[in-house]
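To start, the structure itself, in structure tokens.
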Amino acid sequence: MAGSSMISQADPKATCQVSLTKGTLLVAFAGAWGMCSAVPDAKEALRTLAGPPRPTSLCFDSSGLTHWDSRFLVFCRSLLAVARETGVAVDLAGLPEGAKGLLDLAEKVPERKGAAAGKRSEPLLAHVGNWCIEAWRGLPDIVEFIGDVTLACLKLVRGKAVFQASGFVGLMHQVGVEALPIVSLISLLVGLILAFVASIQLLQFGAQIYVSTIVGISMIRVMGAIMTGIIMAGRTGAAFAAEIGTMQVNEEIDALRTFGFSPTEFLVLPRMLALVLMMPLLCIYADLMGCLGGLIVGVGMLGINPLQYLTQTFNSIPLVNVFIGLVHSLVFGVLIALAGCYRGMRCGRSAMAVGQATTSAVVTGILSIVIATAIITWLCNILGV
């Protein structure tokens, strides 16, 4: 025997003895090699296999093996991998029949390249660049969708659009009446917060009466419309994307096309009309709830007379601010409906795609609201209103 070594035993029940004789490396297994047993380390066997002196062949002896499972296969697989890299001949005759079959199968089915590759962190600029490229590639699709919606609106003006009137009434109830509780709560809290923050500063100058002016102008000119738009983007826009996306998965949209109905007229147009009609009403309601929140702070915290508070509010708010808020709400209604319906119409045909479409609809809707607010504010500044 040219050399012999015993791998340190972590558990007496599982042993592995490595011996090198005339260029043949013999690996003898004994004991129980299972998941519940501590098995020896493969470092010694791998070091002997890699040499020097490098063996010419590798064989096994499993006569003392009482039990084995996947841990035994992993051990043998590591030896076979090194033997294949170093050009050492392998004889599997000494292994159990089941282990030989599984090892042969593992050799015949190679690991897919890149299957175990970890995720590489992408630089920020590369991520932004990829996002811009994807957005540019999707621009023609967005233009096509907007064109279809425009043609559907022209058909509606001519009285040739086809959609269910009963479904349209249900959509108006869903968009308008069912949204009142959440709009009431959020708008009231926003009015309370605006009044409280303003009162902290105004109390220093004894000008707490102007809390009504700050809350009234903020809510009626822009904040009421913005808060309503964000609420509807998260509630109704997501619902539109989920509904139409589910119809896409169930091939109901394909069925509409097969029967000669335009999905844009039948699905998108009534939803957009319902949201455009209800958004101004919800905006006015949100304005009133925001002013109510300011009234609560003004009367309860600052001790202002309720009649005096209301009089100051009416006298300090020009009528043009009401129209500006309504313009915001109309624009937001169109953008939210387009974002939700577009993401639903372009949804993939899987459950995961429906979730992604819903998330994209909310993000797109809120982003559109912010951009539209900036543009309208800039135009109002130019026009001097």
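Note that the structure is a prediction, hence the values are computed from the model and not measured.
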Practice item. Check whether more than 12 heavy atoms from other residues, nucleotides or ligands sit under 6.0 Å from atom CZ of F168, and answer yes or no. Key: yes
Review point. If two hydrophobic side chains count as joined below 4.5 Å and joins carry through other members, does V197 share a cluster with L192?
Key: no
Check your understanding: Do M301 and L295 belong together in a cluster built from hydrophobic side chains that touch within less than 4.5 Å?
Key -> yes
Check your understanding: Side chain of S218, backbone of V215: donor and acceptor closer than 3.5 Å?
Key -> no
Practice item. Please write out which residues are connected to L379 in a hydrophobic cluster, directly or through intermediates, given that two of Ile, Leu, Val, Met, Phe, Trp, Tyr count as joined at side-chain heavy-atom separations below 4.5 angstrom. Key: L367, I371, I375, W378, I382
Review point. Are any of the side-chain heavy atoms of E144 and D141 separated by less than 4.5 Å?
Key: yes
Review point. Same hydrophobic cluster for F259 and F266, using side-chain heavy-atom links shorter than 4.5 Å among ILVMFWY?
Key: yes
Check your understanding: Heavy-atom distance under 4.5 Å between the side chains of L307 and T311, does that happen here?
Key -> yes
Practice item. Check whether the side chains of R343 and T364 place a donor and an acceptor atom closer than 3.5 Å, and report yes or no. Key: yes
Practice item. Please list, chain by chain and in numerical order, all residues satisfying ring pair (Phe, Tyr, Trp, His ring centres under 6.0 Å) with F145, sequence neighbours excluded. Key: Y342
Exercise for review: Write down the atom of A225, the atom of F332, and the distance for their closest heavy-atom approach.
Suggested key: O-CD1, 3.4 Å
Point to revise | Members besides V74 in its Ile/Leu/Val/Met/Phe/Trp/Tyr cluster (side-chain heavy atoms under 4.5 Å) | key: none
Review point. Is a salt bridge present between R235 and E178, judged by a nitrogen-to-oxygen distance below 4.0 Å?
Key: yes
Check your understanding: Among I244, I336, V276, L338, whose side-chain contact (heavy atoms from CB on, under 4.5 Å) with R271 holds?
Key -> I244
Point to revise | Heavy-atom pair with the smallest gap, counting every atom of Q248 and C347 | key: CG-O, 3.4 Å
Review point. Is there a side-chain contact between Y285 and L180 (heavy atoms, below 4.5 Å)?
Key: yes
Review point. Under a 4.5 Å cut-off applied to non-hydrogen side-chain atoms, are D61 and V27 in contact?
Key: no
Review point. Any sub-3.5 Å donor-acceptor pair from T358's side-chain atoms to A241's backbone N or O?
Key: no
Practice item. Would you kindly confirm whether L275 and L326 end up in one hydrophobic cluster when ILVMFWY residues are joined by side chain heavy atoms under 4.5 Å apart? Key: no
Check your understanding: Any donor-acceptor pair under 3.5 Å linking the side chain of N381 with the backbone of T377?
Key -> no
Review point. Under 4.5 Å between any side-chain heavy atoms of F29 and S63, yes or no?
Key: no
Review point. So do the side chains of V149 and T264 get within less than 4.5 Å of each other, counting heavy atoms only?
Key: yes
**Study point:** Side chain proximity check, L73 to F75, heavy atoms < 4.5 angstrom
**Key:** no
Review point. Is any side-chain heavy atom of F240 less than 4.5 Å from a side-chain heavy atom of L267?
Key: no
Check your understanding: salt bridge (Lys or Arg N to Asp or Glu O under 4.0 Å) between R349 and D254: does it pass, once the steps are laid out?
Key -> CA-CA 12 Å; R349 299 184 182 270; D254 295 335; 2.8 Å; yes
Check your understanding: Should V299 and Y210 be counted in the same cluster of Ile, Leu, Val, Met, Phe, Trp and Tyr side chains packed under 4.5 Å apart?
Key -> yes
